[in-house]
Every structure is written in C-alpha cells, then in structure tokens.
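Naming: A, B, ... by sequence-line order, numbering from 1 per chain.
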There are 2 protein chains.
Amino acid sequence: MKLSTRTRYGVRAILELAENAGKGPMQLKAIANRQDISAKYLEQLMAVLKSAGLVRSVRGAKGGYVLARPSNEIRLSEVFHCLEGTVTTAECAEDEEYCQRAAGCAARLVWTQMHEAIEEVLAASTLQDLIDKARAHGAVSYHI
Amino acid sequence: MKLSTRTRYGVRAILELAENAGKGPMQLKAIANRQDISAKYLEQLMAVLKSAGLVRSVRGAKGGYVLARPSNEIRLSEVFHCLEGTVTTAECAEDEEYCQRAAGCAARLVWTQMHEAIEEVLAASTLQDLIDKARAHGAVSYHI
DNA sequence: TAATATTCCTACTATTTTGGTAGTATATTA
DNA sequence: TAATATACTACCAAAATAGTAGGAATATTA
C-alpha cells in the first residue's frame with residue numbers, strides 16, 4: 001500500500017514547481033536540494049513528467065523545469081497516472097475481461113471499491129488546491 | 001498501487017472461508033485449488049490470518065480452517081491490517097511527527113487524503129457484505 | 001496401535017521491483 | 001568558446017516479493 005518513492009518524489013517535485021511557478025525555470029538541483037532527493041534519480045522522474053506533458057524543460061545555462069500548464073489545471077490524477085503505471089489495486093479492477101470469474105467475485109468488489117475511492121480523491125484536487133490548503137495549515141502552525 | 005499477492009491471496013482465501021462457512025473446516029488444499037493459488041504459499045498467509053485471530057485451524061484428518069467469528073463481524077480493514085503491515089501511503093500520513101515539515105506540506109495532504117479514503121472503504125464492509133453484493137451481481141449475470 | 005491426513009514451522013531460493021549511480025551527448029547562455 | 005544545464009542510455013545493488021522444500025507435530029480413522 002505504501003506508495004513508491006518514484007511516485008512520492010515525483011509528486012513532491014511537481015508540487016515544488018507549482019509553488020515556485022512564475023519565477024522562471026527551476027533547476028533540477030534546486031528541486032532536489034529543497035526536497036532532499038537524489039538529483040540523478042529525480043532526473044529520471046522529471047523525464048517521466050515531461051514525456052507525459054506535465055512539465056516542460058529548458059536546456060542549457062539558466063535552464064530548468066517549469067509546469068507545462070497553470071497549477072490549477074493540473075490534476076493529481078494525471079500526475080499519478082504517469083508516475084505509477086497503473087493506479088489500480090489489481091488487474092481485474094479496471095479490466096473486467098481479465099478474469100472469467102469477475103462477475104460474481106467478492107474479492108473483486110474490494111479492489112474496485114478501493115480503486116474508485118482512490119481515483120476520486122486524485123481527480124478532486126489540482127496542484128493549486130493542495131498548495132492553498134497546505135498554506136492555510138502551515139500558516140496556522142506558525143501562530144503557535 | 002497494485003496490492004501485493006500476499007494481500008490479494010489472503011483476502012480471497014478468507015472470503016472463500018466466508019462463502020463456505022457452516023460446512024465444517026475447509027482444507028488448505030481446497031482453498032488453494034478453488035482460488036488457484038500455490039498451497040505452500042497460501043499456508044504462510046493462513047498463518048498470518050490465524051495469528052491475527054481472524055481464522056481458527058483444526059489439525060489432523062478432516063481438519064482445515066474456519067472463520068474465528070461470523071462473517072458479518074469481520075471487517076475488511078482487519079484483514080488488510082494484518083496482511084499489509086501498513087495500510088498507509090507514506091510514513092508521515094499516519095505519523096505527523098515523522099517529518100518536521102509535515103505542517104505546511106502539500107504532498108502530505110495527498111497521502112493523508114488517499115489514506116483516509118482507503119481506510120473508509122475497508123472499514124465500511126464486512127466479509128458478509130461483500131458476499132451478498134457479489135451474489136447479487138453474479139445472479140444477474142446468469143440471467144443473460 | 002498403525003496408517004493417514006492435515007496443519008505447523010523453519011529455512012532456503014528465485015524473481016522482480018526499487019532506488020540509485022555513472023558517463024556521455026546535446027543545447028543554451030554569456 | 002567556456003560554463004551551465006538537461007537528455008539519454010546503461011548499469012548496479014539492495015530490498016521486497018513470491019514461491020519451494022522438507023520434515024515435525026497433531027488429530028482422525030480403521
């Protein structure tokens with residue numbers, strides 16, 4: 001159930017970009033440093049986000065990465081789908097044809113219910129939504 | 001995101017027991033055959049379910065496994081919790097102290113939202129609930 | 001009591017996934 | 001052209017996962 005670092009790092013990286021949007025390209029090293037992630041490993045994850053069309057890269061000096069779209073137009077579900085190949089709990093959850101016994105299968109109900117609950121959460125939030133909520137939380141904690 | 005076979009097999013096995021409750025102990029081999037799972041591997045999973053107090057075993061000839069409680073008193077969440085050590089998406093989701101930056105962290109919101117959605121689904125169903133729903137589905141499909 | 005059926009226990013092993021490293025090529029800026 | 005970045009490809013180590021093997025313990029049946 002624990003998410004892979006691949007997914008967790010990827011989400012943290014794209015949220016970092018979202019938080020720093022509008023300030024020009026953000027360099028890989030900067031993201032890696034701020035999030036305390038291996039730069040070389042993150043490089044691969046950024047490639048995934050890039051090929052999914054969620055971020056754009058700028059090569060050469062003063063280059064880096066920027067969001068491909070405004071942060072309020074990128075849903076979490078998109079980010080997850082490209083990082084985790086399958087955001088599903090079992091093959092048969094999405095593909096009813098996968099197993100002949102799918103129709104009356106009690107176990108499959110578990111997989112589909114979980115799958116739907118997760119997809120719902122991921123589809124509900126954009127990157128900007130998360131940042132806004134987190135800022136609200138963070139601000140409160142500073143008052144203490 | 002895909003559940004491990006450990007969890008999937010374990011859930012299928014205990015649902016098999018639930019479907020055959022009241023007919024005396026069900027043998028490991030019978031569960032393994034019906035669910036098409038390696039008997040030797042399943043043996044280990046049954047040990048986990050047993051030590052969690054969800055099933056009881058009967059040794060010797062005509063022995064096997066039975067549910068420790070009626071199927072409408074066993075929630076899915078219990079089954080998951082013993083099979084998957086942590087039914088959580090990231091350490092910080094359950095344990096706020098795990099990371100200093102947890103307070104204003106946008107990523108953590110993702111992990112906690114997912115975590116809560118999953119727990120909710122698992123807590124909502126008992127084994128019997130699932131069997132009833134699956135039978136309803138299965139019956140419909142026979143009408144075609 | 002002997003034979004048989006079954007769970008129990010421990011250790012081992014193969015495979016896959018995960019997480020990370022290294023080095024070179026290519027593009028951009030100054 | 002020199003310095004700074006990303007792009008690409010290949011490789012590697014550790015951990016987790018999935019499964020095997022073999023025999024000991026225990027209960028039932030004949």
Side-chain angles (χ1 to χ4, degrees), chain A residues 1-14 16-17 23-33 35-68 83-91, chain B residues 1-14 16-17 23-33 35-68 83-91:
Chain A
M1 289 296 305
K2 195 181 152 190
L3 297 167
S4 64
T5 57
R6 179 186 167 90
T7 298
R8 286 184 287 120
Y9 290 3
V11 169
R12 284 162 60 190
I14 202 170
E16 187 70 45
L17 286 186
K23 301 178 189 170
M26 187 171 188
Q27 290 165 25
L28 185 67
K29 272 188 195 169
I31 304 173
N33 282 337
Q35 290 290 331
D36 200 25
I37 294 172
S38 150
K40 272 302 200 179
Y41 184 39
L42 183 58
E43 194 179 307
Q44 296 172 36
L45 309 185
M46 295 310 293
V48 174
L49 293 172
K50 190 192 164 191
S51 72
L54 296 175
V55 306
R56 278 190 302 111
S57 67
V58 180
R59 293 177 77 156
K62 300 244 174 176
Y65 293 92
V66 289
L67 292 185
L83 289 168
E84 298 264 334
T86 55
V87 184
T88 193
T89 45
E91 269 87 351
Chain B
M1 287 296 306
K2 196 180 150 189
L3 297 166
S4 63
T5 58
R6 179 185 166 90
T7 298
R8 286 183 287 121
Y9 290 2
V11 169
R12 284 162 61 188
I14 202 170
E16 188 69 45
L17 286 185
K23 302 177 186 169
M26 187 170 189
Q27 291 163 26
L28 184 68
K29 272 188 193 169
I31 304 173
N33 282 338
Q35 289 290 331
D36 200 25
I37 294 173
S38 148
K40 272 301 199 180
Y41 185 39
L42 182 57
E43 195 179 305
Q44 295 173 35
L45 309 185
M46 296 309 293
V48 174
L49 293 173
K50 190 191 165 193
S51 73
L54 295 175
V55 307
R56 278 189 303 112
S57 67
V58 181
R59 294 175 77 155
K62 300 244 176 178
Y65 294 91
V66 289
L67 292 185
L83 290 168
E84 297 264 335
T86 55
V87 185
T88 192
T89 46
E91 269 86 352

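The nearest whole Å value for the distance from the CE atom in A:Met46 to the C1' atom in D:dA7 is 13 Å. Summarising the geometry, the separation between CZ on B:Arg8 and P on D:dT17 is reported as 12 Å, rounded to the nearest angstrom. A:Gln27 has its CD atom 12 Å from the P atom of D:dA7, to the nearest Å. Between A:Leu28 atom CG and D:dC8 atom C1' there is a gap of 14 Å when expressed in whole angstrom units. Distance B:Gln44 CD to D:dA21 P: 13 Å, rounded to the nearest Å. As rounded to whole Å, 18 Å separates atom P of D:dT6 from atom OH of A:Tyr41. In this structure, A:Leu45 places its CG atom 15 Å from C1' of D:dC8, rounding to the nearest Å.
Checking A:Lys62 against A:Glu43, the closest nucleotide of DNA chain D that is more toward the 5' end is the one next to A:Lys62. The residue among B:Tyr65 and A:Ser4 whose nearest nucleotide of DNA chain C lies closer to the 5′ end is B:Tyr65. Comparing A:Ile37 and B:Lys29 by the nucleotide of DNA chain C that holds the closest heavy atom to each, the one mapping nearer the 5' end is B:Lys29.
Side-chain atoms of A:Glu84 come within 3.5 Å of backbone N or O of B:Met1 as a donor-acceptor pair.
When side chains are defined from C-beta on, B:Thr88 does not count as touching A:Lys2, because their heavy atoms never get closer than 4.5 Å. Proximity of B:Arg6 to B:Val48: side-chain heavy atoms (C-beta onward) are separated by under 4.5 Å at one or more points. Between A:Tyr9 and A:Leu83, the closest side-chain pair of non-hydrogen atoms is not below 4.5 Å. Contact annotation: the side chain of B:Met26 approaches that of B:Glu16 to within less than 4.5 Å [non-hydrogen atoms, C-beta and beyond]. Side-chain atoms of B:Leu67 and B:Leu54, non-hydrogen and from C-beta on, never get closer than 4.5 Å to each other.
Of the candidates D:dC8, D:dG19, D:dA18, the closest approach to any side-chain atom of A:Lys40 belongs to D:dC8.
Of all nucleotides in DNA chain C, those with any atom nearer than 4.0 Å to a heavy atom of chain A start and finish, going 5' to 3', at C:dG19 to C:dT29.
Nearest heavy-atom pair, A:Gly53 versus A:Ala68, reported as atom, atom and distance to 0.1 Å: O-CB, 3.3 Å. Nearest heavy atoms, B:Pro25 versus B:Val66: CA-CG1, 3.5 Å. Smallest separation of non-hydrogen atoms from B:Tyr65 and B:Leu17: O-CD2, 3.4 Å.
Listed by residue number, the members of residues 48-61 of chain B with any heavy atom below 4.0 angstrom from DNA chain C are B:Lys50, B:Ser57, B:Val58, B:Arg59, B:Gly60, B:Ala61.
Here B:Tyr9 does not reach the OP1 or OP2 of D:dT17: none of its side-chain N or O atoms lies under 4.0 Å away.
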